[in-house]
Structure formats: C-alpha cells, structure tokens
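Computed over heavy atoms, backbone and side chain alike; hydrogens, waters and symmetry mates excluded. Everything numeric in this text was worked out from a predicted model, so none of it was measured.
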Amino acid sequence: MVAKTPLPQSPRPWIPALILAALGFLLYAGTLQHDYVMDDASVIQENWVTRQGLAATGTIFTTPLRHGYREWGGGSYRPLAQLTFAAEWQARPNSPALGHTVNALLYGGLCAAVFLLLLRLAGPLVAFVATLWFTTHPLHTEVVANIKGREDILCLGFGVLALLAFTACARRAQGKHLALAGLFYLAALLSKETAVTFIVLFPAALLLLRAPVRRALSLSLAVLPSLAVYFALRAHALANSQNPGIAPLDNFLVTALDFSTRLASAFAFVPKYAALLVYPHPLVSDYSYAQYDLTTWSNPQSLLGVALVVLVLAGMVWGLAKRHIAGFSLLFLAATFSLTSNLIVVIGSNFGERFLFAPSLGFALLAAWAFARLAGASTANSLNWTSLASRDRAVLVTGCLVALALSMGTVSRAADWKDEWTLYSTDVMRHPDSARLQYHFGLALSAASVHPDTPAQDRASAREAALSRFYRALSIYPDFPDAHAAIGLTHLRGSDFGKAQEAFREAILQNPASAEAFNNLAVCLLQMNNLDGAVAAARHATEIRPHFTDAWRNLAAIHMARKEYAQAVETYRRTLSLEPWNQRTRRALADAERMRDAP
C-alpha cells in the first residue's frame with residue numbers, strides 16, 4: 001500500500017532526473033529542423049520589438065506581447081518569454097532551429113524539475129511514474145513543438161522551481177529559500193499570467209508536508225510581493241494598449257445571448273478536456289469557429305461537465321483536509337485549469353490543447369498515485385533501482401509501457417508541426433468546419449504556388465486549391481477580412497490584378513485598419529502601373545503600422561518606380577533601421593543611392 005505521507009528524499013536523485021530530462025529532449029529532437037508555425041509570426045518573425053534583439057529589453061518589459069506586431073498590442077503581457085525570443089533573434093536572426101532547440105532543452109529541464117518536486121511531495125515511485133507520464137504526454141506537443149509555446153514551458157518551469165524552493169521551508173524557514181521562491185514565482189508570472197493560480201499551491205504543498213496550518217499560511221505571504229510587482233509592471237505595460245475585444249472567430253462563446261447558454265457551452269468542453277488527458281487523440285491545433293456550437297443545459301455533455309467539476313472539487317477538498325497527495329494533485333489540476341476553462345472568465349479561445357499543459361501535471365500525479373495504490377505497491381524510501389525493481393516491478397514495467405505508448409503519440413504528433421503546410425493539411429482533415437484552419441491551409445497552398453520547388457505546371461492548381469479553401473472559410477465565417485485579403489494575395493501571385501484589387505478593397509472595407517491589405521493593395525497597384533494609388537496605399541499601411549517593414553520596403557520600391565530616388569533612399573534607410581540584418585534591403589538601398597547620385 002502506498003503511504004499517504006511524503007517519503008524521505010533520496011540522497012542521489014539526479015540520475016533519474018537526468019534520465020527524464022534527456023527523455024524530454026529526445027522526444028522533441030525531431031523538431032529541431034522544423035520551421036516557424038502558427039503564432040510564431042506575430043511574436044517572433046513579424047514582431048519588430050522581438051527583432052530588435054536585447055536592445056529592446058526596455059520596450060519588452062513596458063509593452064504588451066504583440067506591441068511589435070499590432071500597434072494596439074492586446075492584453076497579453078509575457079516579457080520574460082519574449083526576451084528569450086529577442087535574445088535568439090540577436091544571436092541568429094530568423095533561425096527557427098535555434099528556437100526549437102531551446103524549447104526542447106527547456107522542456108527537458110522542466111521534466112527534471114518536476115521529478116525533484118514530486119520526489120519531495122510523493123516519494124520516489126509515484127514521482128518517477130508521474131513524471132514519466134507527464135514527460136511523454138502527447139498533449140504537450142503544441143507547447144513544445146511551437147516556439148511561441150515557450151511561455152507555457154517557462155511559466156510551469158519557474159512555478160515548479162518556486163515550489164521546490166518554498167517546500168524547503170517545510171521544517172525550518174530560511175530566508176534564502178523564501179527569496180528564491182519569490183524570484184522564481186515572479187519569473188513564472190512574467191512568463192505567462194496564468195501563474196497567478198500558483199498562489200494557492202504554496203500553502204497546499206506545505207500542508208502536504210505536514211507543516212502546521214498557520215505556518216503554511218504565514219510563509220505563503222512571502223510570495224505576495226512577487227504578485228504585487230507583477231501586477232504593477234503589467235498595469236504599466238497595458239495602460240495604453242487597446243484591446244478590440246474577443247472575436248467570435250476566436251471564441252464563439254461570446255456569441256451566446258445569455259449567461260446560461262455561455263456557461264452550459266463552456267461546461268460542455270470539460271468532458272472533452274478530460275478525454276484528451278486520458279486518450280490524447282486526435283490532436284488538432286485549432287478548435288475555433290464553427291467546429292463546435294453553442295449548447296444548453298439539455299445537452300448531456302454540459303451536465304457531464306458539471307459532474308466532473310463537482311467530483312474534482314469534492315475530491316480536492318477531501319484530499320486537502322486529509323493532507324493527501326490526491327488532494328494536492330486535484331488542486332494542481334483545478335487551479336492551473338481554472339483561468340483558461342472559460343468557466344470563470346471568457347478568454348481569447350474557446351478550447352486549446354495548450355491549456356492542459358500545466359493541468360496535465362496534476363493529472364499525471366493523480367494517475368500515478370492511483371495506479372500504484374491499486375497495484376498495492378510498497379513504500380520505498382530511496383531510489384535504489386535494484387530494490388525498487390524487485391519490490392514494484394509490475395508498477396515500473398507497466399508505467400514504462402504506458403509511457404512508450406504516449407511517446408509514440410508524441411513523436412508522431414510533433415512531426416505534424418514541421419511547417420504550416422504539414423500542420424494545416426493534417427488538421428483541416430480533422431476539423432473541416434474550422435474557418436481558421438481552412439484559411440491557414442489556404443495560405444499554405446497559396447505560398448506553395450510561388451515556392452521554387454513547386455513545378456510550374458502545378459502552380460495554377462495550387463492557387464485554385466487555395467482559393468477554394470478561402471471561400472470555404474468565408475462560407476463558415478463571412479465576416480473574415482483576412483480571408484478576402486488572402487484571396488487578393490493569391491490572385492496577385494497569379495497576376496490577376498483586377499480580381500486581386502477587388503479582394504483587397506473588400507478586405508479593407510471589412511477592416512479599415514488592415515495594414516497588410518493596404519500593403520498588398522499597393523503592390524497590386526504598382527503592378528498595374530497605378531503609381532499614385534500605390535504610393536497612397538503603401539503610406540496608409542505605414543500610418544497604421546509604423547514599424548511594418550514590408551510596407552516601408554514596398555513604399556521605397558514605389559518611389560524608385562516613380563524615379564523619386566531621394567525619397568527612395570530615405571525610405572530604404574527607414575526600413576533598414578527596422579531590420580538591420582536584412583541584406584536584401586541593404587542592397588536595394590545601395591542601388592537607390594547610386595541612382596540618386598547618378599549624373
């Protein structure tokens with residue numbers, strides 16, 4: 001029978017910790033040569049703040065995450081994660097290989113830290129099996145295989161380190177441990193705002209280690225300054241940001257006409273989340289409009305969702321009252337899931353596999369404890385693998401077999417994140433009613449139509465296939481200006497300038513603040529030799545997004561076509577100030593200077 005109290009730590013826990021770290025890295029070694037995908041563009045590739053490197057540190061800590069992509073910035077403040085992206089860009093601009101390598105290394109480090117924490121809280125057998133299952137869980141692929149997902153890795157990693165430092169005070173408080181806990185917790189908060197829920201885990205961890213209630217609560221006060229600093233920094237950074245609100249395309253729950261319908265629809269997702277924790281297949285990168293519909297309390301899924309939440313909360317309260325590892329596991333799961341569940345507040349997405357990244361740790365811990373208990377495993381007080389294998393061979397072997405099956409799913413799914421073509425061509429088959437997946441697959445097809453490796457005879461068919469995806473997206477969600485802009489871009493690539501102009505103007509009509517649509521309209525008008533219209537459209541794009549390098553570069557090219565060489569030089573210099581690493585812009589500037597200085 002597994003003991004309900006934490007077991008003494010092994011004097012040499014580093015060997016299994018390193019094994020788990022290596023496993024975590026190796027599972028994602030296949031992603032090291034992958035490309036940028038999905039949100040990487042808005043946070044890294046097309047984010048002028050990130051592309052300034054470490055010189056933008058001050059801007060990163062005083063502006064929203066997407067300030068460098070959209071001037072209004074939005075409501076996300078995750079400066080520590082963005083700082084790592086900026087450092088990578090400075091070291092090797094436009095290098096997804098570096099980003100994927102760092103993600104895999106950080107994930108391996110996270111797995112090691114998880115094991116060390118669980119070893120302290122649950123003993124070696126449960127700690128090893130739980131960390132093994134956590135490490136190999138396929139649900140983590142969206143976070144690890146997508147560079148932007150680093151914010152989740154850092155958030156959970158620093159949160160685990162904060163708990164490690166904090167639980168060192170279970171027997172005797174030490175200032176250095178409390179200070180480290182506070183610093184790590186602040187780092188977790190600066191990585192992603194969901195770390196605020198860790199505040200309830202600090203006293204719970206001490207209670208699990210048999211600390212008196214008053215002591216657990218009083219010591220937890222030591223991390224409150226971290227919250228205060230974080231909220232002060234966040235308030236300053238977001239003071240001038242403009243949040244346009246949540247679009248139905250991102251979270252259809254905002255279309256609910258009443259609170260009851262919204263809540264019933266949110267609860268209907270809870271069984272799906274639970275199912276993915278147990279059986280993570282199939283996995284999809286997007287669950288947005290209109291893959292799922294609003295529902296009411298007559299839906300059995302909503303009622304099942306309520307039952308699951310009540311069961312988790314009841315088990316959590318019972319377990320915490322008993323100071324039992326099961327209670328802590330359920331608290332970890334519930335706390336880290338609460339803010340992204342749409343049950344408390346409506347967020348920018350109705351569903352996402354990444355939202356289970358941290359909660360899956362609580363689930364893995366609960367599952368490992370329950371499995372060991374049902375198997376009648378003995379209590380072991382050291383990590384002597386010979387003695388553990390002899391006493392609990394069945395538990396270890398079964399745990400490893402489950403991990404092997406999970407690993408196969410992880411490696412397979414990680415391969416889908418190779419590039420946008422691979423990801424979206426796979427996922428659109430699984431969620432064909434997602435307007436966003438149809439749109440993104442269309443973009444991949446459109447890009448393929450101009451890719452050097454695409455045979456000339458296949459390019460027209462690629463454009464037609466892309467257009468069919470964009471029109472399918474519009475049939476699902478008609479108010480989709482980006483789809484109209486993509487139709488225009490595809491026609492532009494096929495030199496059908498009339499249809500391209502029409503589509504760009506429709507995109508601008510639906511979204512007058514679309515700098516991309518104005519920029520592409522400028523290119524289209526340039527090709528039609530409408531130079532006055534082109535320069536006006538390009539200038540408007542730069543007014544909407546003053547750091548939009550493509551628009552500045554195109555404006556300079558239009559000035560060259562108008563033989564306005566002095567203005568072209570000035571505009572190319574402005575462009576180069578935003579992307580000093582771009583050799584193409586540097587060569588264009590040199591050409592413009594020669595033309596300006598020619599007799």
### Query
Tell me the salt bridge (Lys or Arg N to Asp or Glu O under 4.0 Å) pairs involving residues 130-143, sequence neighbours left out?
E142-R354
### Task
Locate the shortest heavy-atom distance separating F441 from V428; write the atom from each residue and the value.
CD2-CG1, 3.8 Å
### Query
How far does CG of L206 sit from CG of L201, to the nearest 0.5 angstrom?
11.0 Å
### Message
Working to the nearest 0.5 angstrom, can you tell me the gap between S407 OG and L27 CG?
### Response
4.5 Å
### Task
Compare all side-chain heavy atoms of Y77 with those of L65 and state whether any distance is below 4.5 angstrom.
no
#### Entry: Other residues, nucleotides, ligands: >12 heavy atoms within 6.0 Å of K322 NZ
no
### Query
Any idea which heavy atoms bring I476 and S434 closest together, and the distance?
CD1-C, 4.1 Å
### Message
Checking N299 now: which residues fulfil side-chain hydrogen bond (donor to acceptor under 3.5 Å, both in side chains) with it, not counting sequence neighbours?
### Response
T295
### Message
Does F332 form a ring pair (Phe, Tyr, Trp, His ring centres under 6.0 Å) with F337? I'd like the steps, not just the answer.
### Response
CA-CA 8 Å; F332 198 105; F337 179 63; over 10 Å; no
### Task
Using atom types as modelled and distance alone, determine if a side-chain donor or acceptor of Y185 lies under 3.5 Å from a backbone N or O of A195.
yes
### Task
State, with a plain yes or no, whether a side-chain heavy atom of L356 is found less than 4.5 Å away from one of L276.
yes
### Query
How many angstroms lie between atom CG of L32 and atom OG1 of T101, to the nearest 0.5 angstrom?
4.5 Å
## Note on the structure
Tightest non-hydrogen contact, residues S226 and L186, listed as O-CD1, 3.6 Å
#### Entry: E353-Y287 side chain donor-acceptor pair, cut-off 3.5 Å
yes
### Message
Ignoring hydrogens, what is the shortest heavy-atom contact between G157 and L110? Give both atom names and the distance.
### Response
CA-CD1, 3.5 Å
### Query
Can you name the closest pair of heavy atoms from A81 and L154 and give their distance?
CA-CD1, 3.8 Å
### Summary
ring pair (Phe, Tyr, Trp, His ring centres under 6.0 Å) with F351: of Y273, F252, Y289, only one passes, and it is Y273
### Query
Atom NE2 of H137 and atom CG of L361: how far apart are they, to the nearest 0.5 Å?
11.5 Å
### Query
Going by the angle between their ring planes, with limits at 30° and 60°, are Y292 and H431 parallel, tilted or perpendicular?
perpendicular
### Query
Between F115 and F128, what is the ring plane arrangement, given parallel below 30°, perpendicular above 60°, and tilted in between?
perpendicular
### Task
Could you check if a side-chain atom of T194 sits within less than 4.5 angstrom of a side-chain atom of T336, using non-hydrogen atoms only?
no
### Message
Nearest 0.5 angstrom please: L156 CG to H140 NE2, how far?
### Response
8.0 Å
### Query
When the ring planes of F357 and F134 are compared, do they come out parallel, tilted or perpendicular, using 30° and 60° as the limits?
tilted
## Note on the structure
Minimal heavy-atom distance between N251 and N342, with the atoms involved, is ND2-OD1, 3.1 Å
### Heavy atoms from other residues, nucleotides or ligands near CZ of R430 exceed 12 (cutoff 6.0 Å)
yes
### Query
Are D39 and R150 within salt-bridge range, i.e. N to O under 4.0 Å?
no
### Stepwise side-chain contact (heavy atoms from CB on, under 4.5 Å) test for I347 and L339
CA-CA 8 Å; I347 62 171; L339 291 184; over 6 Å; no
#### Entry: Pair S95-E88, side-chain donor/acceptor within less than 3.5 Å
no
### Message
Testing the 3.5 Å rule here: is there a donor-acceptor pair between the side chains of N146 and D40?
### Response
yes
### Task
State, with a plain yes or no, whether a side-chain heavy atom of L116 is found less than 4.5 Å away from one of W14.
yes
### Message
Quick one, L437 and V284 - any side-chain contact, counting heavy atoms below 4.5 Å?
### Response
yes
### Query
If you round to the nearest 0.5 Å, how far is CZ of F25 from CG of L105?
5.0 Å
### Query
Got T410 and P138 here, is their nearest side-chain heavy-atom distance under 4.5 Å?
yes
### Task
Just do the side chain to side chain donor-acceptor pair (under 3.5 Å) check on E193 and S76 with the steps written out, would you?
CA-CA 8 Å; E193 60 277 358; S76 296; 4.7 Å; no
